[in-house]
Each structure stands twice: as C-alpha cells, then as structure tokens.
Amino acid sequence: IEGMLDGIHDIVGLQLPDHTIVRYNKAGYESLGLSLSEIAGKKCYELIGRDVPCVPCATSEAIARGEAYTVQKYIPELDKYLECTSNPILNADGTPELVVELLHDITVQKRAEEALRESEERFRQLFNNASDAIFLHELREDNTHGRFIEVNDAACRALGYSHEELLLKGVFDINTISDKEAAPDITMHLVSGGHAIFEGTHVRKDGSIFPVEVSSHLFELHGSRVVLSICRDITERKRIEKAIFEANRKLQLLSSITRHDILNSLGGLLLFLDSIPRSDVSPDIRANLDRILSYALTIQKQIEFTHDYQVLGFQKALWQDLSRCFHKAAEQFDARTVIIEENLSGAQVFADPMLEKVIYNLIDNALRYGGPALSRISGYYRTEGEELIWFIEDDGAGVAPEMKEEIMQRGVGSNTGFGLFLSAEILSITGMSIIETGTKGLGARFEIRVPKGMFRLARDSKPGGTG
C-alpha cells in the first residue's frame, strides 16, 4: 500500500479526527519539505505555521457530515491553490477513526482562470467603453440573421433601448425597409469574404432614424457562426457631404454658364476669322490668321473637353462591373479591322461613375497612336497578393521609355493633353493607380492597380488574359 501511495503524484495524508498527522505519501513530504519524524504529533495546520484549522476545512466538514467533502482554497503560506478532499474512515459504531486527505495542486488551473477573468474584464471594459455601437449576433446555417447575443452600452444609448430590451431584438428590428432589401447582397459578400463595410440606417426606439457606417466581421464562436458589427453614427458626415454636394452643384452651374459664354464668344471669333478673305492679305497676315484660328480651335476643344469632366468626383463612387464598362466604352468606336476584346468577367471595382470614360480614353489612345501595326486591344485582370490588377493593352507602336511617366501629366499629348491625366485622377478617387508598362514597338499596356477592399470577385470567376 505504501508503494502504491508513493506512486501517486498528489499529496495523500492520513490524520486523526483532531487533525494530528499520522503520515503522508512521498509527494506530501516533498511538497512540505519535511520528513516523517518532523511531522510526528503535529496537526496539519501547524505544518504551515497556523494555530487554528483552516476555514473552510475539508477534514472538519467530512467528520461533521460523516462523508467525503471537498473544498478549493488558496494557501498563502505555500502560494498555491489546493483542492482538498477529506474522506472519513468510520469504525463499527460510525465514529470517525481516521481521515484520508487528498490534496490536489490546482494552482495552474486557477491562475489560468484568473487570467481569463482578467482578460474578459478588459474586453468587457473595452467593449462597453467604445464610442461606436457594437452588436454581436448569430448567423444561422441558412444565412439568416438571429437575435443579438450581446450589445455594448453605446448601442443601447444610440437606439434608446435598455440592454435587456435590445437583447430581445435582432438585426432587422433596428433597420429600415431599404436596409432589409439590401441585406441578401451584403450577407453574400460577408459570407464569401468574412468582412463587409456598408452604409445603412438605424431606427431608434422612438421611431427616429439616423445613418450609420457598418463594419461587420464573421467568425466562429463555440461552434456557431457569429457576426460582430461596429456601427458608427455618420449624421455629421452626411451633413458635411450634403453641404459639399450643394457647393459643388453651384460651382458646376457656374462652370456650365461660363463655358457656355466662352463658347459663344469663340463661335463669334471663328465666324469672324472665317469671313476674312485669305486671298486679299499678305502671306504673313495669312499665316497669322491661320495661327489665330488654330489657337481658337484648340481653346474650343479644351473648353468642350471640360464638359465631360465637370462631374469628376461629384457623384458617389459605386460598385461597377469591369466587363460591362469595357463593352459600353468599346461600343462607341468604329474600330474597323482592330479587334477589341476582354476577359474581365466576374470582377467588380469600387470607382467613380466615370470609370467607363477611363476605359474609353485608353481604347481611344490605342486607336490614335497604335499605328499601322495595331490589330488588337485587350482587357484582362489578375490578382497579386491582396490587390487586383487589371490591364488594357494593345499590339501597336507602344510608348517610348522616356514618355511613360510624362503621358500621365496634364497637357502632354498631341490631342487635348488631358485624357490620360484625368483618367488617372478618376481612378485615384477610390485609391486606384495607373502606369504604362508596355514595350516600345510591341504595344502599350496600361496597368491599373486596385487596393484591398476596393474590388470583389465572383466565386466562379477566374483571372485571365494575355499578360
């Protein structure tokens, strides 16, 4: 029996009902740092420097109850947490003669529990002290949204509900009808990508509404899919956007009136120049008149060009299908023998509504400067890390190395000098960039880089192309 007890890693002790120790197993002596002779006649609590039994005491409770009893407690003298189980051995008349005590060290477990509680408390403080409303709800297997699992204090304040009231509600109880209609597309994006950012409208308890920007993340918690949504009140931002929109509208009106007046004046100037007979003037005057006419026509072309771009950045960016935009732009050209093709299906980018004009300019650029060798203009894309890169390239004359950066600058080019410059400006509104990476003599290639979060791909789409 002694050998069996010594093989047990936990402390096993035998003591009398008055707490006097009879003996310990090997683990007991090693843990206390004492020998059998040193503990002889001493009570268990005296071994750790106390004068009275511990409270609570497993041995005292086991004797009083006549059955095994377990307590967990911290022993500061040992700096340990112990689980103490005392089991009384009764004689024939039911009186305890001995007590077998098992001491199991649970310090590691208790420290982990304390760390977890501290972590949970820190999370709770961060959760409830956040200035943005935070909602946690389950996403069921059929992708329908369940009730709220948890909400923070900011969510309760924003919506006017108590914590208990809000936990009885679900996502669609605090959204408008238009948000409910948009939910399937947002949910699909969330499930496929694990994250979605969108704007919506929340409804308070009193029925009033306010705009929000929502950032939702999908993750797994205890075997269930859970959505964490951080919602920011953007009422002030919307007010500023409206003010900017109104200011831009007035500037656009002023620009339109000014452009109209300038074109009218230019029209009069061109009529006047056209009425001057060239045969009655000297060669020098004729050359000067031709020069004036050329300048006037350039001014007219530049003023007319601004009409296409007066709404640049004026309208909200939106998700646009690259393949559809490419086709709409290509349909505007009589390409004759040049083949215009694309492999952009399944790719969408978040861009200014003038994205189609960008593609138009790039195709127009290829047709204008591709030369006799031009036979094909292609559009395609590929992914690179967390970015999307889409290309429009041709097999024409290409761009000289020294001109690759200059062609993106304002006023460079033999036409208006604005096309590529403004294309770059349109793309930059939503963080896209454009560079020319083709080879002189083999063709031009414009490479448009789309950052993470500004593109999305259909599940069954595959990048493709010739680059």
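All figures in this text were calculated on a predicted structure; none of them were measured in a lab. Along the sequence shown, residues are numbered consecutively beginning with 1.
- Counting only residues at least two apart or in different chains, salt bridge (Lys or Arg N to Asp or Glu O under 4.0 Å) contacts with residues 143-153 comprise R124-E150.
- For the pair C84 and L103, the tightest heavy-atom approach, listed with the atom from each and the gap, is SG-CD2, 3.4 Å.
- Of all non-hydrogen atoms in A351 and Q320, the two that sit nearest each other are O-NE2, 3.0 Å.
- With rounding to the nearest 0.5 angstrom, the OH atom of Y81 is 10.5 Å from the CD1 atom of I75.
- The shortest heavy-atom contact between P451 and G431 is CD-O, 3.4 Å.
- With respect to K404 and E436, a salt bridge is recorded, a charged nitrogen being found less than 4.0 Å from a carboxylate O.
- The shortest non-hydrogen separation linking L318 to P353 is CD2-CG, 3.5 Å.
- Side-chain atoms of T85 and H104 form no donor-acceptor pair, as typed in the model, at a separation below 3.5 Å.
- Judged by distance alone, the side chain of T430 and the main-chain N or O of F350 form a donor-acceptor pair under 3.5 Å.
- Salt-bridge annotation for E331 and K328: absent, with no side-chain N of the basic residue lying under 4.0 Å from a carboxylate O of the acidic one.
- Identified under the salt bridge (Lys or Arg N to Asp or Glu O under 4.0 Å) test for residues 35-44, with sequence neighbours left out: D18-K43.
- Rounding to the nearest 0.5 Å gives a distance of 12.5 Å between CZ of F172 and CD1 of I177.
- Classified by interplanar angle (parallel below 30°, tilted 30° to 60°, perpendicular above 60°), the ring pair Y29/Y24 is perpendicular.
- A heavy-atom distance below 4.5 Å is found between the side chains of I174 and F135.
- For the side-chain contact (heavy atoms from CB on, under 4.5 Å) criterion with K357, the lone passing option out of L355, N361, I359 is N361.
- Between K242 and E246 there is no salt bridge, since no side-chain N of the basic residue sits under 4.0 Å from a carboxylate O of the acidic one.
- Within a 6.0 Å sphere centred on CD of Q332, heavy atoms belonging to other residues, nucleotides or ligands number more than 12.
- Within 6.0 Å of CZ in R50 there are more than 12 heavy atoms belonging to other residues, nucleotides or ligands.
- Between the side chains of R445 and T437, at least one donor-acceptor pair of N or O atoms lies under 3.5 Å.
- For the pair R225 (side chain) and E220 (backbone), a donor-acceptor distance under 3.5 Å is absent.
- Nearest heavy atoms, H202 versus C231: CE1-SG, 3.7 Å.
- By the 4.0 Å N-to-carboxylate-O rule, D79 lies too far from K110 to be salt-bridged with it.
- Heavy atoms only, all atoms of each residue included: Y381 and N343 are closest at CD2-O, 3.7 Å.
- In this structure, N175 contributes its side chain and K180 its backbone to no donor-acceptor pair below 3.5 Å.
- Of the inter-residue distances, the one linking L420 atom CG with I434 atom CD1 reads 6.5 Å to the nearest 0.5 angstrom.
- When atom types are taken as modelled, the side chain of D394 and the backbone of A444 share a donor-acceptor pair closer than 3.5 angstrom.
- Judged purely by distance below 3.5 Å, without hydrogens or angles, the side chains of Q72 and Q109 never pair a donor atom with an acceptor atom.
- Using a distance-only test at 3.5 Å, with no hydrogens or angles considered, no donor-acceptor pair links the side chain of D352 to the main chain of I426.
- The number of heavy atoms from other shown groups lying within 6.0 Å of CD1 (I209) does not exceed 12.
- Judged by distance alone, with hydrogens and angles left aside, the side-chain atoms of N25 form a donor-acceptor pair with the main-chain N or O of V12 at under 3.5 Å.
- Atom CD of E405 is surrounded by 12 or fewer heavy atoms from other residues, nucleotides or ligands within 6.0 Å.
- Between E138 and R140 there is no salt bridge, since no side-chain nitrogen of the basic residue lies less than 4.0 Å from a carboxylate oxygen of the acidic one.
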